[in-house]
Structure formats: structure tokens, C-alpha cells
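Report on the following structure.
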Amino acid sequence: MLRFLASRILTMILTALCLTFIVFFLTNLGPNLEKVAKSELGARITDAEVESWLTRNGYMQPVVLRYGEWLGVVPGFTHEADDGAVTGRCIDAETPAEVAPTFCGVLQGDWGYSTVFRRDVSEIVARGLGLTGKLMFWVMLVMVPGALLIGVLAGMREGSRTDRTLSTLSIVTTATPEYVSGVVFITVFASSAVGLKWLNGSATSAMDDITFANFTLPVLTIALYGMGYIARMTRASMTEVMTAQYIRTARLKGVSFPNIVMKHALRNALIAPFTVIMLQFPWLLNGVVIVETLFNYKGFGWTLVEAAGNNDIELLLGVSVVSVLVVLITQLISDIGYVYLNPRIRIS
Amino acid sequence: MTQHFRNAEKVHPAATLYATEEKAGKLDRREFLTRATALGVTAPAAYGLLGLSSPAKAEAHATSGGTLRMQMETKALKDPRLFDWSEMGNFARGWLEYLVEYNGDGSLRGMLLESWEANEDATEFTLNVRPGVTWNNGDAFTAEDVARNITGWCDSSVEGNSMAARMSSLIDADTGMAREGAITVVDDLTVKLTLNAPDITVIVGMADYPASIVHSSYAGGDPSVNPIGTGPYLPTQNDVGVKQILVKNTDHTWWGTEVYGGPYLDSIEYIDYGTDPSAFLAAAESGEIDATYQTTGDFVDIFDAIGFNKTEAITSATLAIRFNQLQEPFDNVEVRRAMQLAVDNSVILELGYNGLGTTAENHHVCPIHPEYAELAPLVVDPDGAAAAIAEAGHADTEFELISIDDAWQAASCDAVAAQIRDAGINIKRTVLPGSTFWNDWTKYPFSATEWNMRPLGVQVLALAYKSGVAWNETAFANAEFDALLARAMSIENAEARSEVMAEIETIMQNEGVLIQPYWRSLYRHTAAGVMGADMHPTFEHHHYKWWIEA
């Protein structure tokens, strides 16, 4: 078990390193750096000024070295101006050059500064994660029980009318991407165009205060997409279990149908959906980007869009690290959880 | 309404002249008000010169309390001199006030200045500081504060300081700083400005949004971090891209309460919904906002339909679809002229802005400006355009028109590109998100920029087309134009000035500086019960006038 965990964590670190290096490399291409200099100093500066600003702020060093600085394994960049004033990566208004640490990277807990939001990256990422966490919580609460229920109902009698109806429904919701269903939902349930106006077409107020009206549509938009998929998986697994020998034996013994489903089939049928549900987390991050932008909910996905749109290097890196962690940790949980659900599988 | 009539006793002779012009029909009323009040005549006195009484104020029965939520892009603040967005000024306006205030009717009135007087030829201005004003940290507001801020505006060595262009008549061209003796503190409540040439725009420039008055302790950076100011509100939340909140400062006695009344609202929330108007609509329909910052295009009708009240400001705000003359192939004047030739401005107004404005004539001087001179109507000749492009050797060149990703600006550019394409010229459209568009707005070879209105026609020309000024996005550098503009800035008489303006406008057209399709009216929609938050021609938010019907 420990060896398994260790190897998993090692993979996680390696993946995070590779991914952040790619993001770092792409955001630090020449034209992107020029954009950074211009957004800091104003659009009208000359190429010479761009160059001098980039040199003064350490952007002209080799990418690998700078990546090391960001990580915190290479000493932070310093620059001594002609008048003797020392500036550098680890130096700011609160920590002058004399007391500034040599290393200031992610390993030291310094995630850098967001140029778009004018705050520390850690603060912005935490704010985004908090808001997205709330969204995810409600999405899971709607999606998982809903999907399992639909899947079990459809799968317990394969080919029945219930099965066909529910399966069609599942396929339709899964086949509709969020950017389509979201717009349709807003038009139908929130706008004067149709006139129902039951719910809110904007989730901005949900950042302070979640209500049924302002949070239903974003939650439903993400949940429905995943729900169909999980329901299909559950149905497949359920139909398979229902044809197993021991179920037939139970029926022949005269066990009632509800009892067979609840006591005998369900636990075995839930192993496959469990993995699928855990796999949904990374997919949900996808949906979150679209839905948060659509509904103006300023969580993690929206932060990512803003960071990418503005070439906010350190914020983008922070977001990537967190994304990698979310994906790999959910995978880890799913692998471990599997063992408990199915005693036949041993980790080593 | 308490007003100080000190100036009315000694009305500036030019103001009397303007009044005669207005009565003779040479000057319209809003321009008369702008020009007369710029010379130090109070608004009621200016109305008096016309034989009218000042319009009655509706705020008599205003109720206090409540929160107003407005949709607005919440941008990061910086040194006010460097503000490049009205939104920045509007949030900071809660605690950082201005010397003078430009009003929707075209008049100027004193805020931190009680009054001002110009000498005969507008080369000397005496500014009378309003007595009894205090900063919210308890310090008294004095003439020193005024002089210090004006000196700061004059510092053209500060990268991006657009106030320097507005204060050019106070600046020593050699040092780039305020000229020795240009700004004199006479006594605690009086400042005298000595200009190097007659300049009628100095006072008007002090009403513009980068002219916030900051405290002596302010040392650059985000002014909301340590919000010392004279205004009635304080910032309690400043989340860029998310939300900005102003809350009434109960520990501070605001001077304006007894002079102009207000402030009524307990707090004002600015909520960011990006640049997509359909998001504003969703927010309005969800009851998340009480007012839009601005309503544009199709959405004017849609907001009317959902029961929001419309307020309108007639302005010289416009869309400048300009060429950058340093960039190939627009360094060739023939190419620029050909592009203009291919475009029918009235079609752009119809398709791009639903006809909510009037057509413009590619020279950025508006008929509502006092100095406007009418030129011969523009010629539209698509065939001639294609021929000229071919002659310039660009028959196979694919041009690119860049615009920001929003409803009306993108639609207008689409219409322009379509007309150019119809003329047989290759052109592609690029739409950039707002976040990236502004990084390089002065550098694109061919792109569209939104320009807000300025009260006088010469102002925007000095700000955007004079050689080498901070916001000159066309890279237009023409010595003759600069000389004529300087002359126009010194001519008091509107009619005499418009003769010079005719030459200036002709140069603008002949040089093919920009395609300027229309002047637009500005609209804001407010929910039922929101009062006083009318659209302002230069997007200013006068928070103290806003209230919500209980």
C-alpha cells in the first residue's frame, strides 16, 4: 500500500513538473513577455524600454533558470540599478533587499503575484477554489444520486419501456455540451424572451449568497452533462449484474424483486460507476470553465480564463498546479476506493 | 441649492459675447453653458445671461439610504493621473473629488473650487478654493493642495500621464514640468494660473476623470489602499474583475451636503459582468443590478422592454476606426484615403449602432462642438477605392481590421470591413477579447477605439491627434495641423475659431487619419425607483446625486 502511494505521489509530482514547465515555456515566449512589459508600463513604450524593463526584472534569463526560480530551487533574481538600489524577485515594499530571502518560489509557499488582479496568486486561487468548491458540492449532490437512480432504474429491467425512456434521456443530456444547454436554460427559464423567469440567468449574486434561484441553472448545466454519462455506466453495470447466476438463483428461491435489486445487485453494480464518478472530477473542471464564464460566477474556471486571456504568467502556473493536483488526487482516491468496494482486487 | 454669486457681479466680457451669439443662434445653449462656465461664470448666472432661470432641481424630496448596484467593469486602480478608463475614475470618485464638475447640460460647476475667474484674453485664471472643505483624515483642504495636484498633472515625465496634455499651457516645454511661476499660491484659498498662451480648455480639463485631487501623503500606486480624500464615500472592497464597493463615510462631514445636497445612498456596489451585454441583461432580469453602466445597440430596446427606465445623453462620443501611420501599408496616405472612400458612414451607423446617433465626417469634430465648421459632404466611391488600392500596389494585400469583442464596436467594424470587401479589397476581421485588446491599442495597424466626448472640439484633437501625445494612436504627426490647433486653442470667439477649424478638419480628411462613422448617443438603464443616476455625456458618476425611492 505504502509503495503504491509513494509511486502515485511521485507520478503526481512529475506530471505537475512537466505540465507547469510547458505552461511556463509557452507564457514566456518573446511576444508574451513583451505584452507583460507593456501592460505594466503602458502600451506606448519603445522596444528599447521593453528590453530594459525585461532585463531589470529578470525576464531575459534562460527559461530553465527562471523556471527554477519560480519553483524555488534557484536563488531569486536580483538586479542592482546604477544608483545602488537593489530590486529582485523576492524583494518588495514590505521585504527590503537586506531581509529578503534568497529563494522565493512555490516550494517556499510563494506563488507569485497576479498582474491582472493585483493580488497574490495564492489569494486569487484560494478565492476561486472556494467558489468552485461550492459549485462542485452542489453539482455532486445533484448529479451522483440522480445518475445512480436513473442508471439502476434503467438497468434493472433491460429493454423495458422505463429503460428505453431513461436511456434516451441520458444520451441526450450527455450529447449536449454545457455551452449549448447553458444558453438554452437561460433562454427558457431566465429570460423575458420565453417569459417563464423562474430562475436567474446570472450566478454573480451566488458568490455571496446561494439561493435556489441564482444557483440552480449553473448547477443543473454541469450536472446534467455528467449525469447522463454516469447513468449510462450504471445501467450497463446493472444489466450485467442482473443477468448473473446468483441473481437468477435468488429469483428462483422466491426473493422479491425489490429485495434482489436492493440487497443483492446494487453493491456489485456500483463498482464501475464509482470509477466513472471519480473520473468525472477532471471533466467537471472543463465544464466549470464554460459555465462559470457563462453565468459570471467568479470561481476557478473563470480565473483560468482571465489569466489565460491576459497572459498572467504566475496565475496561470498556479492554476495549472492546482488542476494537476485535483486530477491526480481524485485518481488516487478512486484507486484506493476500488479496493474497498471489490475485495478481489489487491493493490500490489 | 446654495450658490455663491461672487462671479455673477463681474461677468467675464466674453461670456456676455457668447450670450449674444447664443441669442443670435450662432451658439447652441449647451455650448454656451460650457464656454461661459469655463470662464468662471456660475451656472445660474450663465442661465441669467440668456434671460432664463436655472432649471429647478428635482432632489428636494430625495430619500436617504439604500444600496445601488451597478454593472461596471471593475478595473485595477493606479495613480489617478494615469487613469485611462472612466470606470477607474468613477470608483475613485467616491473618495477622490475633482476641482470642477461637468454636468449633463454642458455647464461646469465648482466642486473643490468654489469659483474661478479668467482675465480678458484667457491667459490668467484665478481659482478660488472652496472654504471649509476637509480631507477625511481631518486635514484642511487648502490652496496648497490645489497647487500640488496641478503641479503633479504637469509632470510629463511620468509615463502615461494624460493630464500633461490637458495642462500643456502650464508646462515648460524644455523641462516637461510646470513652468516657473505658472502656478502661484496667492493665499490659503486662492491659486493663480498663468498660461503661456490663451487656453480656454484648462478649466474644462480639470473636470476630466484623471484629474482626481489626491492628498499630500499619496505616493503613487492604488489610491484605494489608503483612501484619504475629500469625498463622501470610502472603498470597502476592491476586487478587480469582480466587485468594488463604496460605503458612505459616516466619520467625515462632507462639504457638499450643505452646498449641493446628498449623498443619499448608504452604499454603491459596482459589479463586473465582463463586456458582453447579454450578461448585463441576464443580471438585470435576475435582479442582481439596479443600473447598467451603459446600454448599447440592440440592448437599448431590450432593456426598455423589460421595464428598465432609459436615460439618454447626447454626446460627441464616437468610434475611431483609425489607421496607424507608422505601420505598413497605412504609411501611404493613398491607402488610407481609399479605405475611407469605400465606406459609407451612414450605413455603418445603421448596421453598427442601430441608427442611435448621427453620421460623422472622418475628422473628429462634432456638430455640437462650438467650433465645428461644416465641410463638403463626404464622397463614397467604392470603385475609386479599389482602383486607388490597386495603384498603390496593394491589390492582393489582405488588410486586417482589429476590434474589441463587444456588441456595437465589433458590429460597426464588421460593417466597415463588409463595405471594404464589397469594393473589391481583401480584408479580414480580427476580434480580440477586451482583456488583450487594450494591451496594444495604440499599436494596431488598423483598429477601432472608442472615444468619449470632450466638451470642446479642440480638446479631443489635442489629446489624440497632436504629434507625440500619449494617446495618439494614429501616429499622426503633422506640423501644420499642430500649428493650426495651437492657434484654435487661443481663439475665444467661436466663429473665428471655426474658420481655423475648417482648415484643421480639411487636413484631417485629406490625410485620411481615420474612418469615423458616427457620433453616438449614450444610454443607461436603471430599475424603477433609481433616481438621479442619469447617463452622463462623459460617463461621470456623481454619486451624491443618486438615490433610491423608498
Side-chain angles (χ1 to χ4, degrees), chain A residues 31-32 34-45 49 53 93 114-119 123-124 127-128 131 182-183 186-187 189-193 195 197 199-208 211 213-214 217 293-299 302-303 305-312, chain B residues 69 71 74-78 82 84 158-162 219 221-222 224-225 237-243 269 271-274 276 278-289 302-303 305-307 405 432-444 468-473 475:
Chain A
N32 284 339
E34 197 181 315
K35 214 155 82 180
V36 172
K38 285 187 172 165
S39 72
E40 289 301 299
L41 286 188
R44 286 190 56 85
I45 58 176
E49 282 174 299
W53 187 86
S114 160
T115 53
V116 186
F117 297 105
R118 313 270 159 187
R119 297 275 178 85
E123 201 180 317
I124 297 295
R127 182 183 76 189
L131 289 171
V183 173
I186 293 179
T187 316
F189 296 111
S191 81
S192 306
K197 292 189 75 171
L199 302 164
N200 288 5
S202 161
T204 309
S205 54
M207 292 191 290
D208 302 321
T211 64
N214 66 24
L217 287 187
T293 309
L294 188 63
F295 287 92
N296 253 288
Y297 184 76
K298 274 125 199 214
W302 177 84
T303 307
V305 172
E306 290 294 301
N310 292 290
N311 200 49
D312 190 338
Chain B
R69 298 157 303 163
Q71 163 270 322
T74 54
K75 298 185 175 284
L77 295 190
K78 45 188 171 183
L82 314 183
D84 40 11
V158 176
E159 194 57 73
N161 174 13
S162 67
D222 182 348
S224 74
V225 173
Q237 187 183 342
N238 178 20
D239 283 331
V240 177
V242 181
K243 201 179 214 180
E269 296 185 3
I271 309 173
D272 196 321
Y273 285 90
D276 179 8
S278 54
F280 313 162
L281 180 68
E285 291 199 299
S286 308
E288 288 184 354
I289 56 170
I302 299 176
F303 271 93
I306 64 167
D405 177 18
L432 299 177
S435 44
T436 41
F437 179 84
W438 293 107
N439 291 337
D440 282 321
W441 68 282
T442 57
K443 286 287 187 337
Y444 302 124
V469 290
W471 286 353
N472 186 336
E473 52 176 333

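Because the structure is predicted, anything quoted here is derived from the model rather than measured. Residue numbers start from 1 in every chain, and the chains themselves are labelled A, B, ... in the order their sequence lines are given, proteins ahead of strands.
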| Intermediate values then yes/no, side-chain contact (heavy atoms from CB on, under 4.5 Å), V242(B) and W302(A) | CA-CA 11 Å; V242(B) 181; W302(A) 177 84; 4.1 Å; yes

| remark: Between the CZ atom in R69(B) and the OG1 atom in T204(A), the distance rounded to the nearest 0.5 Å is 11.0 Å

| To the nearest 0.5 Å, how far apart are CD in E285(B) and CD1 in I186(A)? | 10.5 Å

| field | Minimal non-hydrogen separation, A76(B) against R118(A), with atom names | value | CB-CG, 3.6 Å

| Considering all heavy atoms of both residues, which atom of G274(B) and which atom of N296(A) are nearest to each other, and what is their separation? | N-OD1, 4.4 Å

| Region of D312(A) in contact with chain B, defined by heavy-atom distances below 4.5 Å | neither

| field | Best-contacting candidate, D272(B), T74(B), N238(B), against chain A by heavy atom pairs under 4.5 angstrom | value | D272(B)

| said: Is K243(B) close to chain A through its backbone or its side chain, or both, or neither, when contacts mean heavy atoms under 4.5 Å? | reply: side chain

| field | Stepwise side-chain contact (heavy atoms from CB on, under 4.5 Å) test for D239(B) and R127(A) | value | CA-CA 11 Å; D239(B) 283 331; R127(A) 182 183 76 189; 3.7 Å; yes

| note | Scored by heavy-atom pairs under 4.5 Å with chain B, the best of A190(A), A213(A), S191(A), S114(A) is S191(A)

| field | side chain to side chain donor-acceptor pair (under 3.5 Å) partners of D276(B), counting only residues at least two apart | value | S278(B)

| query | Who passes side chain to side chain contact (heavy atoms under 4.5 Å, CB included) against A283(B), sequence neighbours left out? | reply | S202(A), Y273(B), E288(B), I289(B)

